[in-house]
Amino acid sequence: MEFDDEAEHRRLFRVETNSPQRKAVFSLEQGGSLPVKTTKNSVIQSFKIVILSNKLSLLLPFGPLAILVHYLTDNKGWFFLLSLLGIAPLAERLGYATEQLACYTGPTVGGLLNATFGNVTELIISIIALKNGMIRVVQLTLLGSILSNMLLVLGCSFFCGECGFEFGNAFDCSDESTLHYTHSEVYAASSELVLSRSTSCIMLVAYAAYLFFQLKSQPSFLTESEETSDDDEVPEISKWEAIIWLLIFTAWVSLLSGYLVDAIEGASVSWNVPISFISVILLPIVGNAAEHAGVIMFAMKDKLDLSLGVAIGSSIQISMFAVPFCVVISWMMGEQMDLNFQLFETATLFISVIVVAFFLHEGTSNYFKGLMLILSYLIVAASFFVHQDPDQDDT
């Protein structure tokens, strides 16, 4: 009887270890990824899945329409508005293609892909603006992305989902603005530029260490993320389809962004709206529109930890990667972009950080805190609407 029981136990153990679920666990324990079912679609099927299955795709025709308006009329206001509407669905589909590709690469490479392409729309717009010498537009757009994630996205998360949470984050504050306004630099403006470039290189190293910590040193983060997103584990398109769509959307965003940047000054004159308002409020909201919608959906499903991860993770990515990356890229282009934000923008960011920290120190969330964060963002928007940028001539 003991022998029969032992044989039965071995048989059950062999069946359990050969099951797909057990193999997946073994694969994760060894640093691998979950087995992925390969999907192959025809061109028409792929088009239906990627384009027609999303409601935001209804805005895609505004892109070609914007280019048509650009060549037929001189109305920069309408052209800028149509370009904004055309870029919004492209930003969302870029994120979709990245997620689909990440299903085939495993958690480590997938995390790197999401970190790289998470804010690719803002990076493309910023690089094109740098080519046109619009340094202030780049600074204000990246600042607006941080403010949008901290106040608007986080506020919507709290307002739509009332859950307890644990929060931990670090904000990096540079000394370039302090150095400028105290007039304590040794070599006048060159000291700010040298300090900005050296600080940007250090911040990029810090961001690389942050990614290594998240992806390698803390594998439990990845396991928890996969367990909470079971619906996204099965890819809808193949790996090469995801790569091709990623290239198509990136090229289309780059094309529209070129027209969009060229129309910023004309739209400012046509609408009688400051360039600072367009750069800080309109561009980040459109670039992150799909991300904002995803955060709200997570919060409504009581997955506030995921929505917080998206909002705070995006803020970290912009502040520690996008901003210093643009400084280094401008250095390579021969431009003189630095981290010396004007006093008004620095004060706005500082006060916003204090407000967010004040609401988060208890470790709980409710709709009232969310409403206060949203109203704070509206105050920021109104402030930039009446704010005249002192360096407007540089754009």
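Quick note: numbers below take in every heavy atom, side chains included, and nothing from hydrogens, waters or symmetry partners. Computed from a predicted structure; not experimentally measured. When a residue number appears, it is its place in the shown sequence, counting from 1.
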Would Ile329 and Glu335 count as a side-chain contact (heavy atoms from CB on, under 4.5 Å) if you check the C-alpha gap in whole Å, the side-chain angles of each, and the deciding distance to 0.1 Å? CA-CA 9 Å; Ile329 290 297; Glu335 299 289 343; over 6 Å; no
Evaluate side-chain contact (heavy atoms from CB on, under 4.5 Å) for Ser53 paired with Lys48, printing each intermediate quantity in order. CA-CA 6 Å; Ser53 62; Lys48 289 181 179 180; over 6 Å; no
One pair to check against ring-ring contact (aromatic ring centres under 6.0 Å, His included): His387 and Phe344. What are the steps and the verdict? CA-CA 9 Å; His387 172 65; Phe344 180 77; 4.1 Å; yes
Evaluate side-chain contact (heavy atoms from CB on, under 4.5 Å) for Val323 paired with Ser200, printing each intermediate quantity in order. CA-CA 8 Å; Val323 175; Ser200 297; over 6 Å; no
Please walk me through it: do Leu256 and Phe62 pass side-chain contact (heavy atoms from CB on, under 4.5 Å)? CA-CA 10 Å; Leu256 273 184; Phe62 285 104; over 6 Å; no
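With rounding to the nearest 0.5 Å, the separation of OH in Tyr104 from CD1 in Ile243 is 10.5 Å. The structure places CD1 of Ile237 at 8.5 Å from CG of Leu101, a figure rounded to the nearest 0.5 Å. Here the straight-line distance linking atom CD1 of Ile87 with atom OG of Ser257 works out to 4.0 Å at 0.5 Å rounding. Residue Leu123 holds its CG atom at 11.5 Å from OG1 of Thr141, rounded to the nearest 0.5 Å. The CG atom of Leu151 sits 4.5 Å away from the OG atom of Ser352 when rounded to the nearest 0.5 Å.
Residues Trp252 and Ile125 share a single hydrophobic cluster, defined by chaining ILVMFWY side chains whose heavy atoms lie under 4.5 Å apart. Both Phe358 and Ile351 belong to a single network of hydrophobic side chains, linked directly or stepwise wherever heavy atoms of I, L, V, M, F, W or Y lie under 4.5 Å apart. The hydrophobic clustering, which links ILVMFWY residues whose side-chain heavy atoms are closer than 4.5 Å, places Val205 and Tyr207 apart. Cluster membership check: Leu58 does not share its hydrophobic cluster with Leu82, using side-chain heavy-atom separations under 4.5 Å among Ile, Leu, Val, Met, Phe, Trp and Tyr. Following chains of ILVMFWY side-chain contacts shorter than 4.5 Å, one can reach Val261 starting from Met333, so the two form part of one hydrophobic cluster.
Of all the heavy atoms in Ile318 and Pro324, the pair that sits closest is O-CD, 4.4 Å. Taking each heavy atom of Leu140 and Ser276 in turn, the nearest pair found is CD1-CA, 3.7 Å. Closest heavy-atom contact between Ala66 and Phe79: O-CD1, 2.9 Å. Residues Phe384 and Phe277 share a closest heavy-atom pair of O-CB, 3.7 Å. Contact detail for Pro284 and Ile281: the closest heavy-atom pair is CD-O, 3.6 Å. Shown here for Met203 and Ser319, the closest heavy-atom pair between the two residues is CE-O, 2.9 Å.
Remark: side-chain polar atoms of Ser148 are not paired, donor with acceptor, to backbone N or O of Gly144 under 3.5 angstrom. In this structure, Ser268 contributes its side chain and Ile264 its backbone to no donor-acceptor pair below 3.5 Å. Judged purely by atom type and a 3.5 angstrom limit, Arg93 uses its side chain to pair as donor or acceptor with the backbone of Val50. Glu241 places a side-chain N or O within donor-acceptor distance of the main-chain N or O of Ser238, the cut-off being under 3.5 Å. Using a distance-only test at 3.5 Å, with no hydrogens or angles considered, a donor-acceptor pair links the side chain of Asn366 to the main chain of Phe368. The closest donor-acceptor contact from the side chain of Lys369 to the backbone of Phe359 lies under 3.5 Å. Using a distance-only test at 3.5 Å, with no hydrogens or angles considered, no donor-acceptor pair links the side chain of Gln139 to the main chain of Phe341.
Looking at heavy atoms from C-beta onward, Leu60 lies in side-chain contact with Ser57 at the 4.5 angstrom threshold. Here the side chains of Phe80 and Leu84 are in contact, with some heavy-atom distance below 4.5 Å. Counting heavy atoms from C-beta on, the side chains of Ser383 and Ile379 come closer than 4.5 Å. Using a 4.5 Å heavy-atom cutoff, the side chains of Leu90 and Thr121 are not in contact. Residues Val280 and Phe385 fail the side-chain proximity criterion, which asks for heavy atoms closer than 4.5 Å. Side-chain contact between Ile275 and Val137 is present, with at least one heavy-atom pair separated by less than 4.5 Å. Counting only heavy atoms from C-beta outward, the side chains of Leu371 and Phe158 never approach each other to under 4.5 Å. Between Ser330 and Gln336, the closest side-chain pair of non-hydrogen atoms is not below 4.5 Å.
The pair Glu345-Arg136 counts as a salt bridge, with a side-chain nitrogen and a carboxylate oxygen less than 4.0 angstrom apart.
The number of heavy atoms from other shown groups lying within 6.0 Å of CD1 (Ile44) does not exceed 12. At most 12 heavy atoms of other shown residues, nucleotides or ligands fall within 6.0 angstrom of atom CH2 in Trp240.
Under the side-chain hydrogen bond (donor to acceptor under 3.5 Å, both in side chains) criterion, the residue pairs touching residues 68-88 are Tyr71-Tyr259, with sequence neighbours excluded.
The residue from Leu94, Thr98, Ile51 that alone fulfils the side-chain contact (heavy atoms from CB on, under 4.5 Å) condition with Trp245 is Ile51.
Ile354 pairs by the side-chain contact (heavy atoms from CB on, under 4.5 Å) definition with Phe350, not counting sequence neighbours. Residues forming a side chain to side chain donor-acceptor pair (under 3.5 Å) with Ser270 (at least two apart in sequence, or on another chain): none.
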